[in-house]
There are 2 protein chains.
Amino acid sequence: MRQQKSVSMADVARVAGVAKSTVSRAFIHPTLVAAPTRERIRRIADEMGFRPSRVARALSTGRTGLLGLVVPTLSNPFFGPLVAAVQQAAEEEDRQIVLMISELSAERETRLIERLSSEVDGLIVATSLCGDPFLRKVAKRIPLVLVDRRVGRLPSVLIDTPSGVAAIADHLIGAGHRRLCYVSGPPGSWADAPRIAALRGRAEESGADLVVAGPIPPTVDAGIEVSETVAKAGVTAVIGYNSATVLGLLHGLGTQGVRVPEDVSVASADDFILFQSTKPAVTVLRLPLEEAGHAAVGMLARLLRGERPGKPVVLGPELLIRESTRPPG
Amino acid sequence: MRQQKSVSMADVARVAGVAKSTVSRAFIHPTLVAAPTRERIRRIADEMGFRPSRVARALSTGRTGLLGLVVPTLSNPFFGPLVAAVQQAAEEEDRQIVLMISELSAERETRLIERLSSEVDGLIVATSLCGDPFLRKVAKRIPLVLVDRRVGRLPSVLIDTPSGVAAIADHLIGAGHRRLCYVSGPPGSWADAPRIAALRGRAEESGADLVVAGPIPPTVDAGIEVSETVAKAGVTAVIGYNSATVLGLLHGLGTQGVRVPEDVSVASADDFILFQSTKPAVTVLRLPLEEAGHAAVGMLARLLRGERPGKPVVLGPELLIRESTRPPG
DNA sequence: TTGAAAGCGCTAACAG
DNA sequence: CTGTTAGCGCTTTCAA
């Protein structure tokens, strides 16, 4: 049954001529052990290559040191950096990440969270398909932090894209643009309404016009198609829903002889690594994914310590101004 | 210390009026328990909401049910699908994935693997920075499967890109192209030599010419720059190292008035989701990442059962022929 | 400041 | 087929 003949606390204790409990204390509550003893134990443990068993510790403390992270997919470039950030932040707390990918299925999502919830200390959920009531229920049983989703007063880390989109508008209007276009995402996207509201607000304040094109699917093709509409709308600047849309716009406008940015400025509400090296480089919103990951782990750690999680953290995207946007005319 | 008042086996045993061990057996070795007893136990366990403690089981069996997965980054679109596939395959074996991201640092990679190796049942390593001797050492202590890397005779799942690149050449040459260009990756990329060898082989067999451009950095910019060279090389078809390179080529050739595919056919040795919806859609190699993930988990499972892992699995990429390649002229 | 002892919840001999 | 009995390796009272 046993296979690994790894060094246990008992072994260290024997060699050091002390009780197991003293060895344990030397690591967990160093202050409770006389300095010389402690150092000797540590040295011996080290020499013997002692590695405390997480499993045994987990059984006795009731905590595994594992955090569950649930994301909908890794194909969307939104989630890679988030996962990476969460993993790194967890590492700093000496915790590990158990990753689950729901593949955009609500049923799967629910099932995975259900299972995970009984095997980790806490959960970070960055998915949108499972129901609110379900999440509320899970949060009762286990510390839970939501990312980019709001469910009642559950602890959460939010990314305020509307304010980022507004920042794009400010930048554009500030540069002198008077007619802007927003190309919206797929029909029913919950992200669009607040963005459009924010844009309208900015437009009204400054007396600029706002044209909304779409909704269209978030694909390059759809972006290419919609570029005709955009070209005819008589706008001098366009903001695209996401990177695929913008890629399509760039291409579509190009083939219609509309130059970017000379004729029309283009910005993306979504970052995409290649946008920094396209010609022209595209003005984008950099989503604070790293920050979000760290914040989520921090919040979860607080919950696990029994502290109050604090208010939802709201992170603003950063506007990266590049060649694709400039004053009109 | 205790916090969750979850139902334990002892509880179930008491209610069912049997010994703990019988409850245990009812789940682990169902055949060793009389059918009626077994069913009664299961029903009661179910009603009580019993969930066996993985931790306790781990302590007693020495196996945690966790698999470690180490990848270099999630920014490269190569790894997202791989991670997803590994997670899914693991799930089917009722195992969970502990994910580590080395962020392309050899030192970090070594450290992570070192730590992970004492906390999971087995390891899947899809990184290239840590040293061969180190991996050999780790593999002695814990079942280990390599992905897209070969170290001695360690179990591994390989993706045979050279044969895929050769398939592109066959396709092109078969269509009548006589002068091909391969745009290679970054200086020192270990991937290039075998690809170029494969291409040369095909070219010689068929009496076609092969021009190698580069090495260049795997970026859009570099792709744009190199497109001048390509345009002047008098080739009718070009194969790019990866998606960024090809994106650059597409753009660069376009601005030089070289039409794709009318004047030059273009193919990518690397898939990229947007290539199916660009104009023209690009002929690519689809890397069998899902298959690789499944194969790796399967192989690891075999190792964990004490079976021989079998020979390295070699997976061939699939050639997806699209609009960007066609007969010359 | 240290030791002894009692678990944590489960699995796996070994009896019966 | 089922019960009894030891642990797995660690943390944590409780005493000394």
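Naming: A, B, ... by sequence-line order, numbering from 1 per chain. Please read these numbers as outputs of a predicted model, since none were measured by experiment.
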Distance, rounded to the nearest Å, where [X] contributes [atom1] and [N] contributes [atom2]:
X         : N       : atom1 : atom2 : value
Met9(A)   : dA5(C)  : CE    : C1'   : 16 Å
Arg14(B)  : dG3(D)  : CZ    : P     : 14 Å
Phe27(A)  : dT11(D) : CZ    : P     : 10 Å
Arg57(B)  : dC8(C)  : CZ    : P     : 18 Å
Arg63(B)  : dG9(C)  : CZ    : P     : 21 Å
Glu119(A) : dC10(C) : CD    : P     : 13 Å
Ile41(A)  : dT1(C)  : CD1   : C1'   : 11 Å
Lys20(B)  : dG7(D)  : NZ    : P     : 14 Å

Mind checking if [X] touches a base, just sugar-phosphate, or nothing, with heavy atoms under 4.0 Å?
X        : result
Phe50(B) : sugar-phosphate
Val18(A) : sugar-phosphate
Val33(A) : sugar-phosphate
Ile28(A) : sugar-phosphate

| request: Let me see the working for Met48(B) and Asp11(B) under side chain to side chain contact (heavy atoms under 4.5 Å, CB included), right down to the final yes or no. | output: CA-CA 9 Å; Met48(B) 298 178 69; Asp11(B) 301 329; 3.9 Å; yes

| Given dT12(D), dG9(D), dG9(C), the nucleotide with the shortest approach to the side chain of Ser60(A) | dG9(D)

| Nearest listed nucleotide, side chain of Arg25(B), among dT2(D), dT2(C), dC10(D) | dT2(D)

| query | Quick one: does Thr61(B)'s side chain have a donor or acceptor within less than 3.5 Å of a partner on Arg63(B)'s backbone? | reply | yes

| said: Whether the side chain of Arg286(A) engages the backbone of Asp271(A) through a donor-acceptor N/O pair (distance < 3.5 Å, no angle test) should be reported. | reply: no

Is the phosphate of [N] approached by [X] (side-chain N or O, under 4.0 Å from OP1 or OP2)?
X        : N       : value
Ser21(B) : dT11(C) : no
Thr37(B) : dT2(D)  : yes
His29(B) : dC1(D)  : no

| field | 5′-ward residue of the pair Ser24(B)/Ala19(A) relative to DNA chain C | value | Ala19(A)

| Using 4.0 Å as the upper bound for N to carboxylate O, is an ion pair formed by Lys137(A) and Asp132(A)? | no

| Have Ser118(A) and Arg51(B) got a donor and an acceptor in their side chains that come within less than 3.5 Å? | yes

